[in-house]
Structure formats: C-alpha cells, structure tokens
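Below is one structure, written out as structure tokens; the observations come after it.
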Amino acid sequence: MSKWIDISQQLDEKVAVWPGDTPFSYKVNWSKEDSGSVNVGQITMSTHTGTHIDAPFHFDNEGKRVIDLDLDLYIGPALVIHLANKDSIGVDEVSTVDLTGVTRLLINTGAWKNRAVFPESIPYIEPELAAYLSQKGVRLIGLDLPSVDPLNSKELTAHHELTRHGVHILEGLVLDHINPGEYELVAIPLPLAEADGSPVRAVLKKKE
Ligand SMILES: Nc1ccccc1C(=O)C[C@H](N)C(=O)O
Ligand SMILES: [Zn+2]
Ligand SMILES: [Zn+2]
C-alpha cells in the first residue's frame with residue numbers, strides 16, 4: 001500500500017516570499033498561561049507564499065475568488081513530468097509527453113534550487129502552451145516554481161492565457177523527491193471567501 005507523499009513547502013519564518021510581500025509569521029498570540037486553558041496561534045502570511053493556488057482574482061479584478069473554484073480540480077489523478085534545464089516551457093517541451101486523459105499536469109523543473117531564497121530567474125510557461133494543454137483536456141498545471149510567468153512580468157500573460165483556457169494554477173510545489181509518473185493528487189485550497197489565492201497542503205500517492 002503506497003503512502004501519501006508531501007510535496008508542500010514547510011511554512012515557517014524561513015520560507016521564501018515574493019520580494020516585498022508579507023513575511024510569514026506564526027506566533028502563540030494567547031498563551032496557555034494567559035488564557036488559562038490553551039495556546040492560540042496567529043498566522044500572518046501572503047496568500048502566495050509556499051505551496052499555493054492562484055485564483056483568477058489574483059490578476060483579474062473580475063476573476064473568480066478562491067471560494068468559487070471547483071474542488072475537483074485539486075483532487076484526482078495527476079501526471080508528474082521532469083523538464084530540467086529549460087529557459088521556458090512551451091509546446092515543444094511538452095509535445096513529447098502523452099497527455100491522453102491527463103487533467104492535472106505537474107512539472108518538475110528543478111530550477112528552484114535553494115528554497116530558502118527567492119529565485120533570481122525561473123523557466124516560465126510560454127503563453128501558447130495554454131491552448132495546447134486545454135485542447136488536451138488539462139485543467140490544472142502545477143510547478144515547483146513561484147510563478148508561471150517570468151518573475152519581472154507585469155502583464156502575467158501566462159496566468160491570463162491559462163485561465164482563459166480553463167487551466168488552473170498551482171505554484172511552489174516541492175517535486176525533487178518525486179519520480180515522473182502517474183499519481184493521485186490532493187492540494188485543496190482553504191475556504192477563503194474573498195481571497196486571490198490560498199496556501200494548500202499538496203500530497204501525492206503513487207498510482208498502483
Ligand atoms: N506576491 C506577489 C507580490 C507582488 C507581485 C507578485 C506576486 C505574486 O505572488 C505573483 C506570483 N506569480 C504568484 O502568483 O504567486
Ligand atoms: Zn501565486
Ligand atoms: Zn501565480
């Protein structure tokens with residue numbers, strides 16, 4: 001019987017955050033001594049820290065919020081592929097992969113080597129890949145990177161194109177210890193009613 005494997009970044013004060021964004025913090029805000037019964041914590045974080053999903057509202061004021069997203073996107077079969085040493089990921093890079101029946105595609109680029117620091121540059125998703133993936137039936141793309149666009153992008157073309165084609169975005173995965181192949185994925189966002197993104201606990205189980 002195979003076990004669930006964690007593919008999430010640990011959330012502590014060392015987690016890398018987008019330059020200028022809210023640092024992560026957890027503290028006991030109401031201690032057992034003060035409350036008389038329990039430790040009660042407080043978390044402060046950006047919705048885009050660590051392993052997280054983007055809701056379309058992140059880059060489109062009219063876009064869906066986290067609560068509006070279909071849970072089925074984040075639970076079910078997923079294909080993990082390895083695409084190392086790429087400047088960008090487009091149709092050419094993915095065309096050798098058989099995507100028949102694949103609704104969730106997770107890409108291990110291995111490009112974010114030191115998780116404690118935010119990367120200088122990353123391989124980005126070529127916007128043209130969105131239509132290709134959608135045509136193949138892919139509805140979720142996951143990456144071991146903090147963005148699907150170049151880090152200095154203001155247009156966020158890949159975010160927009162993926163969304164326009166019904167491909168949802170999962171970022172900041174840890175896939176170093178995962179072999180390519182077929183898995184079961186669970187990466188459910190919190191029921192944040194208004195949010196533009198949500199941290200997820202992403203886990204995989206090898207398909208038997
Ligand atoms: N937190 C930020 C602060 C400023 C500018 C961008 C971000 C992002 O999070 C963008 C990234 N593409 C993301 O979806 O996670
Ligand atoms: Zn994000
Ligand atoms: Zn994003």
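Count residues from 1 along the sequence.
- For the pair K207 and Y183, the cation does not sit on the ring face, since its NZ or CZ is not both under 6.0 Å from the ring centre and inside 45° of the axis.
- One N or O on the side chain of W112 and one on the backbone of V117 form a donor-acceptor pair closer than 3.5 Å.
- The backbone N or O of G90 lies less than 3.5 Å from a partner atom in the side chain of E93, making a donor-acceptor pair.
- For the atom pair E182 CD and K206 NZ, the distance stands at 7.0 Å (nearest 0.5 Å).
- Although no hydrogens or angles enter the test, the distance criterion places no donor-acceptor pair under 3.5 Å between the side chain of D196 and the main chain of F57.
- Side-chain atoms of D144 never come within 3.5 Å of backbone atoms of N108 as a donor-acceptor pair (strictly under, hydrogens ignored).
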(request) Begin with the C-alpha distance, continue with both residues' side-chain angles, and end with the deciding distance and a verdict on side chain to side chain contact (heavy atoms under 4.5 Å, CB included) for L170 and L106. (result) CA-CA 9 Å; L170 170 58; L106 308 183; 4.2 Å; yes
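- Taking CG of D149 as the start and CD of E155 as the end, the distance is 8.5 Å to the nearest 0.5 Å.
- In the hydrophobic clustering of ILVMFWY residues, with side-chain heavy atoms under 4.5 Å counting as a link, L79 and V148 come out together.
- The two atoms that bring L173 and A202 nearest to each other are CD2-CB, 3.7 Å, heavy atoms only.
- Distance check: D87 CG to T109 OG1 gives 11.5 Å after rounding to the nearest 0.5 Å.
- The side chain to side chain donor-acceptor pair (under 3.5 Å) search around N152 returns none, not counting sequence neighbours.
- Heavy-atom minimum distance, V66 versus A55: N-CB, 3.7 Å.
- Of the possible polar contacts, one joining the T51 side chain to the Q9 backbone as a donor-acceptor pair under 3.5 Å is found.
- Smallest separation of non-hydrogen atoms from L151 and F118: CD2-CE2, 3.9 Å.
- A pairwise comparison of heavy atoms in S147 and I122 identifies O-CD1, 3.4 Å as the closest pair.
- With hydrogens and angles ignored, the 3.5 Å screen pairs no side-chain donor or acceptor of H160 with any backbone N or O of D60.
- Placement of V200 and L145 in two distinct hydrophobic clusters is found when ILVMFWY residues are connected by side-chain heavy-atom separations under 4.5 Å, directly or transitively.
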(request) Tell me, with the steps shown, if E184 and W4 meet side chain to side chain contact (heavy atoms under 4.5 Å, CB included). (result) CA-CA 9 Å; E184 200 69 32; W4 290 100; 3.9 Å; yes
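- Taking CD1 of I53 as the start and NE2 of H58 as the end, the distance is 10.5 Å to the nearest 0.5 Å.
- By the salt bridge (Lys or Arg N to Asp or Glu O under 4.0 Å) test, D6 pairs with R201, sequence neighbours left out.
- At least one donor-acceptor pair under 3.5 Å links the side chain of R104 to the backbone N or O of L73.
- V80 and L140 fall within a single hydrophobic cluster, where Ile, Leu, Val, Met, Phe, Trp and Tyr are joined by side-chain heavy atoms under 4.5 Å apart, directly or via other members.
- Residues T157 and S153 come closest through the heavy atom pair N-OG, 4.4 Å.
- Minimum interatomic distance between L69 and Y74 (heavy atoms only, all atoms of both residues): CD1-OH, 3.5 Å.
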Show which side-chain atoms of residues 12-19 pair as donor or acceptor with protein atoms under 3.5 Å away, not counting sequence neighbours.
unit_1 : atom_1 : unit_2 : atom_2 : d
D12    : OD1    : K14    : N      : 2.8
D12    : OD1    : V15    : N      : 3.4
D12    : OD2    : Q10    : NE2    : 3.0

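- The cluster map of Ile, Leu, Val, Met, Phe, Trp and Tyr, joined by side-chain heavy atoms under 4.5 Å apart, puts V203 and I5 in different clusters.
- For Q42, the side chain to side chain donor-acceptor pair (under 3.5 Å) partners two or more places apart in sequence, or in a different chain, are N29.
- In this structure, the side chains of P191 and I67 come closer than 4.5 Å at one or more pairs of heavy atoms.
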Please output the side-chain donor-acceptor pairs of residues 125-137 that fall under 3.5 Å, not counting sequence neighbours, one pair per line with the distance.
unit_1 : atom_1 : unit_2 : atom_2 : d
E126   : OE2    : S88    : OG     : 2.5
S134   : OG     : H165   : O      : 3.3

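- In this structure, the separation between CG on N39 and CH2 on W30 is 11.5 Å, given to the nearest 0.5 Å.
- Heavy atoms of other residues, nucleotides or ligands lying less than 6.0 angstrom from CG of N85 number 12 at most.
- Without hydrogens or angle criteria, H168 side chain to R139 main chain gives a donor-acceptor distance under 3.5 Å.
- From L175, atom CG reaches atom CD1 of I7 across 5.0 Å, with rounding to the nearest 0.5 Å.
- Cluster annotation: L99 is connected to L83 through the hydrophobic network of ILVMFWY side chains, with a link wherever side-chain heavy atoms come within less than 4.5 Å.
- By the side chain to side chain contact (heavy atoms under 4.5 Å, CB included) test, H52 is found to be paired with H48, D54, E171, residues two or more places apart in sequence or in another chain being considered.
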